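Here's the structure, in structure tokens; my notes come after.
As the structure is a prediction and not an experimental result, all values here were calculated from the model.
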Amino acid sequence: SQLEPNEDSEMLSFDVESLFTNVPTLETIEQILDLAHKDGKSIFHGLKRDELKHLLIVCTQESHFQINGEYFDQTDGTAMGSPLGPLFANIFMSGFEKKHMVELKKLGISFWKRYVDDIFATLNIKDNIKKNEDKSLVVYNIKCKNFETNYIGKCKGILSYQISEHKKSSKSSCCQHESSPGHTMDYDNIEIIDKADTDMKLRIRELLHVLKRKPSLNKQLNSQSNYEIKTLIIQAYPQHRKTSD
């Protein structure tokens, strides 16, 4: 076996949530085309690059299904049961590994094996994670360098990846805030204000901190927040749910 576990390592087993129905089809199709036409090949099984691309798009983004008498198009991801599902999932994950494996090793991943969306890995914990950016399952607070403005969020995965999304995504409140002149978020001094052992509990703690601190960049500050917290608590701690006699 290639695996040599020791007291300085932890074994991890996880999968990608709903991978088949969330695979980015156009991105994966480009990866398939690059593989099929590598080394300058213009023809793959009698098909040119644009011909193969058209067929893959028809088989994924022009798939139809019916629910309650209404017809819908599958615009992204692959339909459950589609023979292309495992292929698209595997190629997308292979691309992800090639792109991020160096960074994963820097984070302490010493062993990594995958079967489609199921992953087994070992994490070197000899040098305990020190940077907030490398932590997961945390509630964090980001402040503006120039004004009394802040954002509170939760992160199920590695925080550094989520911070990258904050910086570049136009949907992020932090990114929108920085689009105004003289506003800069202090990403170098992120404060970890809470943590949890499950995503459900993490969502509860995030909402509680938002309601308590009232960060100006958060959108959860509305009349639904208290109701959402009660609903989440019931889901996270079903043993405390009231039952009728």
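- Formation of a donor-acceptor pair under 3.5 Å by the Thr78 side chain with backbone atoms of Leu84 is not found in this model.
- Looking at heavy atoms from C-beta onward, Glu97 lies out of side-chain contact with Leu104 at the 4.5 angstrom threshold.
- Contact check for Gln61 versus Leu26: side-chain heavy atoms found under the 4.5 Å cut-off.
- A donor atom on one side chain and an acceptor atom on the other are found under 3.5 Å apart for Ser110 and Thr122.
- In this structure a side-chain-to-backbone donor-acceptor pair under 3.5 Å is present from Thr198 to Lys201.
- A side-chain contact (heavy atoms from CB on, under 4.5 Å) with Val102 holds for exactly one of His100, Lys99, Lys98, Lys106; it is Lys106.
- For the pair Leu137/Lys156, a side-chain contact is recorded, criterion being any heavy-atom separation below 4.5 Å from C-beta on.
- Heavy atoms of other residues, nucleotides or ligands lying less than 6.0 angstrom from CZ of Phe14 number more than 12.
- No more than 12 heavy atoms of other residues, nucleotides or ligands sit less than 6.0 Å from atom OH of Tyr115.
- When side chains are defined from C-beta on, Asp186 counts as touching Asp188, because their heavy atoms get closer than 4.5 Å.
- Around the CD atom of Gln66, the shell of radius 6.0 Å holds more than 12 heavy atoms that belong to other residues, nucleotides or ligands.
- Applying the side chain to side chain donor-acceptor pair (under 3.5 Å) criterion to Thr184, with sequence neighbours excluded, gives no partner residue.
- With hydrophobic clusters built from ILVMFWY side chains whose heavy atoms lie under 4.5 angstrom apart, Leu56 does not share a cluster with Ile43.
- When all heavy atoms of Ala89 and Val23 are compared, the closest pair comes out as CA-CG2, 4.0 Å.
- Here the rule is side-chain contact (heavy atoms from CB on, under 4.5 Å) with Val138, and of Ile193, Ile192, Ile190 only Ile192 fits it.
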Go through it in stages, so that I can follow the logic: the residues are His209 and Asp194, the test is side-chain contact (heavy atoms from CB on, under 4.5 Å), and I'd like the CA-CA distance, side-chain angles, deciding distance and then a yes or no. CA-CA 9 Å; His209 282 288; Asp194 213 333; 2.9 Å; yes
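- Annotation: the span from Thr25 atom OG1 to Phe92 atom CZ amounts to 11.0 Å, rounded to 0.5 Å.
- The closest donor-acceptor contact from the side chain of Gln162 to the backbone of Lys154 lies under 3.5 Å.
- In this structure, Ser180 OG and Gln176 CD are separated by 9.5 Å, a value rounded to the nearest 0.5 Å.
- Across all non-hydrogen atoms, the minimal contact from Ile163 to Ile142 is CD1-CD1, 3.8 Å.
- Atoms NZ and NZ, from Lys143 and Lys145 in turn, are 13.5 Å apart once rounded to the nearest 0.5 Å.
- Here the OH-CD1 distance, from Tyr140 to Ile152, works out to 10.5 Å after rounding to the nearest 0.5 Å.
- The structure places CG of Leu159 at 11.0 Å from OH of Tyr187, a figure rounded to the nearest 0.5 Å.
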Check step by step if side-chain contact (heavy atoms from CB on, under 4.5 Å) holds for Cys155 and Lys135. CA-CA 9 Å; Cys155 181; Lys135 295 182 178 179; over 6 Å; no
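- Nearest heavy atoms, Ser82 versus Pro86: O-CD, 3.7 Å.
- Annotation: side chain of Met185 is not in contact with side chain of Cys175 (no heavy-atom distance under 4.5 Å).
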The test is side-chain contact (heavy atoms from CB on, under 4.5 Å); show your working for Val16 and Phe96 and say whether it passes. CA-CA 12 Å; Val16 182; Phe96 171 86; over 6 Å; no
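- Between His37 and Leu52, the shortest heavy-atom distance links the atoms NE2-CD2, 4.1 Å.
- Residues Ala196 and Arg205 share a closest heavy-atom pair of CA-NH1, 4.0 Å.
- Here Lys168 pairs with Glu165 under the salt bridge (Lys or Arg N to Asp or Glu O under 4.0 Å) rule; sequence neighbours left out.
- You'll find the ring centres of Tyr151 and His166 inside the 6.0 Å limit.
- Closest approach of Phe88 and Thr28 over heavy atoms only: O-CG2, 3.5 Å.
- Asn150 contributes atom CG, which lies 9.0 Å from atom CD of Glu191 (distance to the nearest 0.5 angstrom).
- Residue pairs meeting the salt bridge (charged side-chain N to carboxylate O under 4.0 Å, His left out) criterion with at least one partner in residues 42-70, sequence neighbours excluded, are Glu30-Arg49, Glu30-Lys53, Asp34-Arg49.
- Proximity of Leu217 to Pro215: side-chain heavy atoms (C-beta onward) are nowhere separated by under 4.5 Å.
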